[in-house]
2 protein chains.
Amino acid sequence: MRRAVTLLDVARAANVSKTTVSNVFSWPERVRPALRARIEAVARELHYAGPDPKGRMLSSGKVNAIGVVPIGNFGITLFFTHEYGNAFLGGVAHTCEERGVGLSLVSGRANEWGINDALVDGFIFESAEQIDLIEPARRRRLPVVVSGVAGPDITSITIENRKGAREVTRHLLELGHRRFVIASVMWQFVPPVFHPPTGAPRQFVAVGPPILERMAGVADALAEFGLSFDDMPVMEGCGTPEEEAAFGNGPGMALDLAPEATAVIALNDGVALNIIEQAKKRGLSVPRDLSVVGFDDVAGAARSEPPLTTVHHSAFENGRLAASLLLDGGPPRHVVMPVKLVVRASTAPPRK
Amino acid sequence: MRRAVTLLDVARAANVSKTTVSNVFSWPERVRPALRARIEAVARELHYAGPDPKGRMLSSGKVNAIGVVPIGNFGITLFFTHEYGNAFLGGVAHTCEERGVGLSLVSGRANEWGINDALVDGFIFESAEQIDLIEPARRRRLPVVVSGVAGPDITSITIENRKGAREVTRHLLELGHRRFVIASVMWQFVPPVFHPPTGAPRQFVAVGPPILERMAGVADALAEFGLSFDDMPVMEGCGTPEEEAAFGNGPGMALDLAPEATAVIALNDGVALNIIEQAKKRGLSVPRDLSVVGFDDVAGAARSEPPLTTVHHSAFENGRLAASLLLDGGPPRHVVMPVKLVVRASTAPPRK
DNA sequence: GACGTTTTTTGAACCGGTCCGAATCGTGAT
DNA sequence: ATCACGATTCGGACCGGTTCAAAAAACGTC
């Protein structure tokens with residue numbers, strides 16, 4: 001493929017200045033119709049495709065595109081393997097489309113097309129877990145929006161984790177439950193850990209800020225009923241096939257190690273759905289023998305058997321808002337997205 | 001925000017040439033350790049974030065990113081509302097990640113961040129339906145890969161539509177079926193159309209090339225058993241909620257207008273699943289009263305009640321391959337992806 | 001036809017780097 | 001001390017456009 005035709009080629013061929021050709025394409029009304037027609041003809045003859053965005057970008061300094069970085073130390077494939085990431089990205093795409101702005105997927109891993117190389121005007125981070133990823137973006141002096149807990153000088157979007165956890169726990173308490181297991185999520189691939197009740201605060205292995213907030217919400221509700229979070233067993237483990245293959249199924253262990261519990265408070269829906277499955281395997285009927293609640297209201301929550309009582313929030317809306325905040329610019333803001341308790345059929349009063 | 005620090009600023013501050021600073025970042029081994037350390041210190045002091053990708057891109061001419069354009073005249077949101085598009089994009093992302101190449105989502109709609117503005121080194125089109133979109137990309141002299149039927153000078157990936165349709169139809173014929181309805185897809189939003197058998201080729205309203213190939217495959221199998229496609233009723237309609245609201249449910253009409261059929265050959269899984277639903281509404285048991293087959297093996301096909309007999313192919317693999325072909329470059333190629341008949345529980349011998 | 005305006009067109013600077021050939025520096029051998 | 005040669009560093013061109021002030025052309029008026 002020979003050298004591409006440039007604006008200058010057209011200018012020379014038409015015997016006018018670069019500027020005039022540029023105007024023909026970017027400010028047509030500025031050039032006399034006759035001349036414009038002549039230049040357009042020349043351009044067509046030379047198969048000139050119009051100003052190359054590369055050049056335009058360089059002089060304007062604007063790329064007219066934003067980058068989205070997936071959660072954690074994973075690559076962009078995560079956007080397609082995780083429901084949350086997918087929905088979030090969908091929301092970002094929605095806003096980008098509305099505003100006529102480009103969207104680039106940027107890997108959070110080093111040595112890849114990443115934060116340092118991406119041709120974008122700003123970044124959206126799907127999660128705040130990796131502050132070290134946010135730093136390079138800020139060093140590039142590009143605006144950043146984080147979906148998650150970030151510093152005061154970074155625009156962020158969080159959800160009412162604490163309130164949601166409080167409400168769903170209160171729901172169980174109001175049904176009459178008093179003995180719980182908390183099934184937590186791990187955001188690293190490590191073996192599940194069971195924490196028996198100690199009556200004192202425990203040190204958990206792999207919980208991020210949002211999960212801590214959810215735990216705080218659970219504690220709030222328990223306290224309202226005179227109970228203590230420290231008296232409830234906590235299981236850390238995700239129950240993914242990979243975890244099960246490597247270490248055994250965390251949620252299942254929760255059921256085995258805390259058989260006295262009448263309800264499981266899972267800190268996300270993935271774990272909750274896993275619990276339901278494991279309960280069935282053990283001949284327990286949900287919600288007759290065991291109530292289960294989750295958090296997030298993923299697509300599968302409504303379809304599970306029984307449908308899951310959980311806390312709804314919208315990854316799509318988060319994504320939409322993240323893109324809006326980024327594109328609107330302005331000083332750092334901190335938006336908290338509302339959540340809503342969704343009572344379905346996985347909860348019932350405890351068996352007598 | 002004041003002007004960003006540039007390479008030149010660092011050079012001046014360190015009292016060296018631009019080139020040397022550039023080398024410090026791009027070819028560190030070329031500059032003497034002592035000087036390098038000094039320059040790095042100056043850069044740090046000035047909060048220089050390293051070479052701006054914009055500049056690098058301009059001189060190299062390479063953006064190191066590719067663009068993906070969704071099917072048809074839709075925006076990029078389609079990647080998140082359509083299962084096929086999502087899986088396809090996931091495959092593209094997978095390859096991009098492997099190769100350390102950026103990925104941009106590009107709208108197929110005019111007047112948006114589109115083919116003409118995207119900062120990419122090449123394009124992948126999720127579908128060949130809109131040749132007019134491919135043209136501008138080629139005018140920009142960027143390499144293009146199309147997932148679908150395209151001209152001989154454009155690299156394309158197609159699937160064995162005809163063979164798959166032939167096999168799934170043969171499967172029904174071997175079970176003993178002889179009276180069919182073909183439930184076709186429409187790729188435009190127009191009212192469903194019923195085509196009674198005429199014994200002669202009919203003119204369909206909204207079928208694209210892949211669907212035509214599938215029809216040809218159905219015709220092949222029928223011919224092997226001495227039957228003619230022209231003697232089978234064809235219904236065009238998708239059965240989406242939007243269609244149902246505006247015009248009524250196409251697949252349902254197929255059942256009503258061709259009650260003598262013992263099997264429905266749906267040309268994609270969406271329609272097939274719709275047929276199953278509509279059959280249930282009419283008190284028909286699948287597969288006892290009616291066999292149903294689809295095409296594509298979407299995620300829902302295995303989960304439906306009964307699980308759907310269909311033709312498997314992988315949107316993810318298509319995407320992966322599309323990206324590989326684009327990044328590998330080379331002369332136009334035309335890859336045909338294999339399909340595989342997946343027999344599940346939606347087919348059985350016709351009722352006596 | 002001369003002159004003041006307004007509209008078009010032009011030339012040069014700039015955006016932020018990379019790259020290549022030439023100039024300069026440092027070092028070991030003579 | 002001088003020379004040759006390899007290792008460093010420098011200067012300037014280049015990538016493909018946009019932008020702005022100034023020059024040139026067109027237009028209207030007296």
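Since the model is a prediction, treat every value here as computed from it, not as a measurement. Here is how names work: the chains are called A, B, and so on, in the same order as the sequence lines, proteins then strands, and each is numbered from 1.
To the nearest angstrom, P of dG17(D) lies 12 Å from CZ of R12(A). Going from atom CZ of R56(A) over to atom P of dC14(C) covers 22 Å, rounded to whole Å. Between L8(B) atom CG and dG17(C) atom P the separation is 9 Å, expressed in whole Å. Distance, L7(A) CG to dC15(C) P: 19 Å, rounded to whole Å. Between N116(A) atom CG and dG17(C) atom P there is a gap of 13 Å when expressed in whole angstrom units. If you measure from atom CG of N23(B) to atom P of dA7(D), you get 15 Å, rounded to the nearest angstrom. Following rounding to the nearest Å, N64(B) (CG) and dG17(C) (C1') show an atom-to-atom distance of 16 Å. Here the P atom of nucleotide dG17(D) and the CE atom of M57(B) are 11 Å apart, to the nearest Å.
Crowding of H313(B) atom NE2: a count of heavy atoms from other residues, nucleotides or ligands under 6.0 Å exceeding 12.
Side-chain atoms of K18(B) come within donor-acceptor range of the base of dG17(C), with a qualifying N/O pair under 3.5 Å. Taking only distance into account, the side chain of T19(B) meets the base of dC19(C) through a donor-acceptor pair shorter than 3.5 Å.
The shortest distance between the side-chain N/O atoms of Y48(B) and the OP1/OP2 oxygens of dG16(C) is not below 4.0 Å. Applying the 4.0 Å criterion to OP1 and OP2 of dT9(D), one finds that R32(B) has a side-chain N or O inside that range. Applying the 4.0 Å criterion to OP1 and OP2 of dC19(C), one finds that W27(B) has a side-chain N or O inside that range. Not one side-chain nitrogen or oxygen of S59(A) sits closer than 4.0 Å to the OP1 or OP2 atom of dG16(D). An OP1 or OP2 oxygen of dT8(D) is reached within less than 4.0 angstrom by no side-chain nitrogen or oxygen of R30(B).
In this structure, the nucleotide among dG17(C), dT18(D), dG16(D) sitting nearest to the side chain of D52(B) is dG17(C).
Between the side chains of T19(A) and S22(A), not a single donor N or O lies within less than 3.5 Å of an accepting N or O.
Heavy-atom nearest nucleotides on DNA chain D were determined for N15(B) and for L58(B), and the one closer to the 5' end corresponds to N15(B). Each of S60(B) and T20(B) was assigned the nucleotide of DNA chain D with the nearest heavy atom; the assignment lying further toward the 5' end belongs to T20(B).
Between R140(B) and D117(B) there is no salt bridge, since no side-chain nitrogen of the basic residue lies less than 4.0 Å from a carboxylate oxygen of the acidic one. A salt bridge does not link R141(A) to D52(B): none of the charged side-chain nitrogens sits closer than 4.0 Å to a carboxylate oxygen.
F25(A) comes within 4.0 angstrom of no nucleic acid atom, judged by non-hydrogen atoms across all strands. L35(B) comes within 4.0 angstrom of the backbone, heavy atoms only, and of no base.
Atom CE of M337(B) sits about 9.0 Å away from atom CD1 of I159(B), to the nearest 0.5 Å.
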